[in-house]
Visitor: 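One structure is given below, represented as structure tokens, and several questions about it will come after.
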Amino acid sequence: MPVDVLLGLQWGDEGKGKIVDVLTPEYSVVARFQGGPNAGHTLEFEGRKHVLHTIPSGIFREGIVNIVGNGVVIDPVTLQKEMSALVSRNVDVNKGLDISRKAHIIIPTHRMLDAASEAQKGKEKIGSTLRGIGPTYMDKTGRNGLRVGDLEARDFRERYEKLRNKHLELLKQMESPADPREDEVAFFDAVNEMRKLNFVDSEHLVNRQIQEKKKILAEGAQGSLLDIDFGSYPFVTSSNTITASACTGLGVAPRHIGRVYGIFKAYCTRVGSGPFPTELENETGEAIRKAGNEFGATTGRPRRCGWLDLPALKYAIMINGVTDLIMTKPDVLSGFETIRVCTHYHTEGNVIDFMPFDMVHRSIEPVYEDIPGWHQALTGVISESEFPKAFSDYIAYVERATAVPISIVSVGPDRKQTIRRTGKIMQAV
Ligand code: IMP
């Protein structure tokens, strides 16, 4: 049975948590493969909202195995808070959660290094979530990191202190006044709690599940345009966020990858700094932010908003090998007379239809096509036959432009506000 992958095609916040939750009944296993508590996956059902940062979004469904894979970085303190919130909602976390021994651990000084690095960058700051993600992946690739399996070693404290002292030296050089002593107390409390969890050699577990023909869904975090290699570098996160990362972040061979679900918003958002060609710094952008409640699930920061960017979307589809598109939040666009879609970029006297190498130091002007909007609200729609014609035309337009079928449309945050489509690319009208 192949491993299906579900990931974001823009700059994150596309609505991955909700869609994983909707798809989970079709799967036996849900596995996170990269990122860490910089993610905020929001799920809504039975009138309640839940935000997950580290734990896979399959945790709310009975009988699902949830795996935090080796590619993830874990902050024990955030994990503990997340688990307490779940326990208070009667979710039996211990039963359905396995954590890879090879996942790396975020320690308090990683967060301090993140803050010091951003402060040093001044105007060029990345706009990091400051969860210590970058420094932890740096220690991983620098071969200094601490892993979940190290928590089982008797000398974990010494290993921790060695790394912390290295960080303190760096912080001194960066003229940071950071002092981790207070945070260390919470960290070690959380570490003790974490030791009660089920640590596994997740690559063996996942491959056993594949052999046993169990269906596995790999849940991506952040978005393809934040990928360390293919995103808008240097304004990116520190992990690979694309399909290939499901292989390295879980120990799954490429031949086992099946469907690739690519999620995109009917418009675009970005939180943090960096290029965003279709950004609307005007009342239209403000209207989208308000209607879409575009504020970060992890940091609460207002998200930058803009129109759909086809060159960027097509690039993400290519890199990920997307087989199915999932459109989220078109309900936010109800009421706009005209909807604009960026089809090309105008840059340095040329018109191009792809993302150029340098998006930071050159001006990129979007070239738009205007599409008629729809006035009807979409939030109460329960089948495709109820879509306003202009919205069906918008869907058909995106399918033609990308040559990938849109198989799910999400018209609101609740599980129930999800419409499955036949998945056939609609022909030109
Ligand atoms: P970091 O991964 O926290 O270092 O942040 C690097 C960049 O990625 C910043 O622009 C963040 O705002 C952005 N980012 C990181 N995680 C997410 C996410 O889950 N959703 C949206 N943006 C994110």
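In each ligand, atom 1 is the first atom listed, and ligand 1 is the first ligand listed.
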Visitor: With atoms numbered from 1 as shown, which atoms in ligand 1 lie under 4.0 angstrom from a non-hydrogen atom of V271?
Guide: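 Listed by number with element, the hits are 10 (O), 11 (C), 12 (O), 21 (C), 22 (N).
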Visitor: Under 30°, 30 to 60°, or over 60°: which ring-plane class applies to F156 and F188, parallel, tilted or perpendicular?
Guide: perpendicular
Visitor: Note the single closest protein heavy atom to atom 20 (N) of ligand 1, along with its residue, its atom name and the distance in Å.
Guide: D13 OD1, 3.2 Å
Visitor: Report yes if the distance between the aromatic ring centroids of W374 and Y394 is under 6.0 Å, otherwise no.
Guide: yes
Visitor: Establish, yes or no, whether a centroid distance under 6.0 Å links the rings of Y267 and W307.
Guide: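 Between W307 and Y267, which both carry aromatic rings, the centre distance is not below 6.0 Å.
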Visitor: Does the N or O separation between N38 and ligand 1 drop below 3.5 Å for any pair?
Guide: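 Yes, there is a polar N/O contact under 3.5 Å.
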Visitor: Below 3.5 Å, N or O to N or O, backbone or side chain included: is there any such pair between T129 and ligand 1?
Guide: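 Between T129 and ligand 1, an N or O pair is found under 3.5 Å apart.
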Visitor: May I ask you to check if ligand 1 and S273 share an N or O to N or O distance below 3.5 Å?
Guide: no
Visitor: Using a 4.0 Å cut-off to any heavy atom of W11, which atoms of ligand 1 qualify?
Guide: 21 (C), 22 (N)
Visitor: Are H167 and H110 close enough that their ring centers fall under 6.0 Å?
Guide: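 Between H110 and H167, which both carry aromatic rings, the centre distance is below 6.0 Å.
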Visitor: Report yes or no: does a heavy atom of R131 sit under 4.0 Å from some atom of ligand 1?
Guide: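 No, that is not the case, since the closest heavy atom of the residue is not under 4.0 Å from the ligand.
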Visitor: If you measure from atom 23 (C) of ligand 1 to every heavy atom of L226, V236, L225, which option wins on shortest distance?
Guide: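 The residue whose heavy atom sits nearest atom 23 (C) of ligand 1 is L226.
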Visitor: Quick check: does T237 get an N/O under 3.5 Å from an N/O on ligand 1?
Guide: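 N/O-N/O distance under 3.5 Å: yes.
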Visitor: Among T284, T278, D370, which residue meets the side chain to side chain donor-acceptor pair (under 3.5 Å) test with R340?
Guide: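 Answer after filtering T284, T278, D370: D370.
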Visitor: Less than 4.0 Å is my threshold; does some heavy atom of G127 fall inside it relative to ligand 1?
Guide: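 Per 4.0 Å heavy-atom rule, G127 contacts ligand 1.
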Visitor: Looking at T24 and V20, would you say the former's side chain and the latter's main chain have a donor-acceptor pair under 3.5 Å?
Guide: yes
Visitor: Looking only at protein heavy atoms, identify the closest one to atom 16 (N) of ligand 1 and say how far it is in Å.
Guide: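 Protein heavy atom at minimum distance: Q222 CG, 3.2 Å.
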Visitor: Looking at F45, I'd like to know if the NZ or CZ of R415 sits under 6.0 Å from its six-membered ring centre while staying within 45 degrees of the ring's axis.
Guide: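 Yes, R415 lies over the aromatic ring of F45.
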Visitor: So is G134 in contact with ligand 1, going by heavy-atom distances below 4.0 Å?
Guide: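 The answer is no: ligand 1 sits nowhere under 4.0 Å from a heavy atom of G134.
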Visitor: Answer yes or no: is there a donor N or O on one side and an acceptor on the other, between the side chain of R32 and the main chain of Q34, under 3.5 Å?
Guide: yes
Visitor: Mind checking whether R301 has a heavy atom under 4.0 Å from ligand 1?
Guide: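 The answer is yes, since R301 has a heavy atom less than 4.0 Å from ligand 1.
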Visitor: For atom 1 (P) of ligand 1, what is the closest protein heavy atom, and at what distance to 0.1 Å?
Guide: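 Result: S128 OG, 3.6 Å.
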Visitor: Between R270 and S232, do the side chains contain a donor N or O and an acceptor N or O under 3.5 Å apart?
Guide: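 Indeed, the side chains of S232 and R270 share at least one donor-acceptor pair under 3.5 Å.
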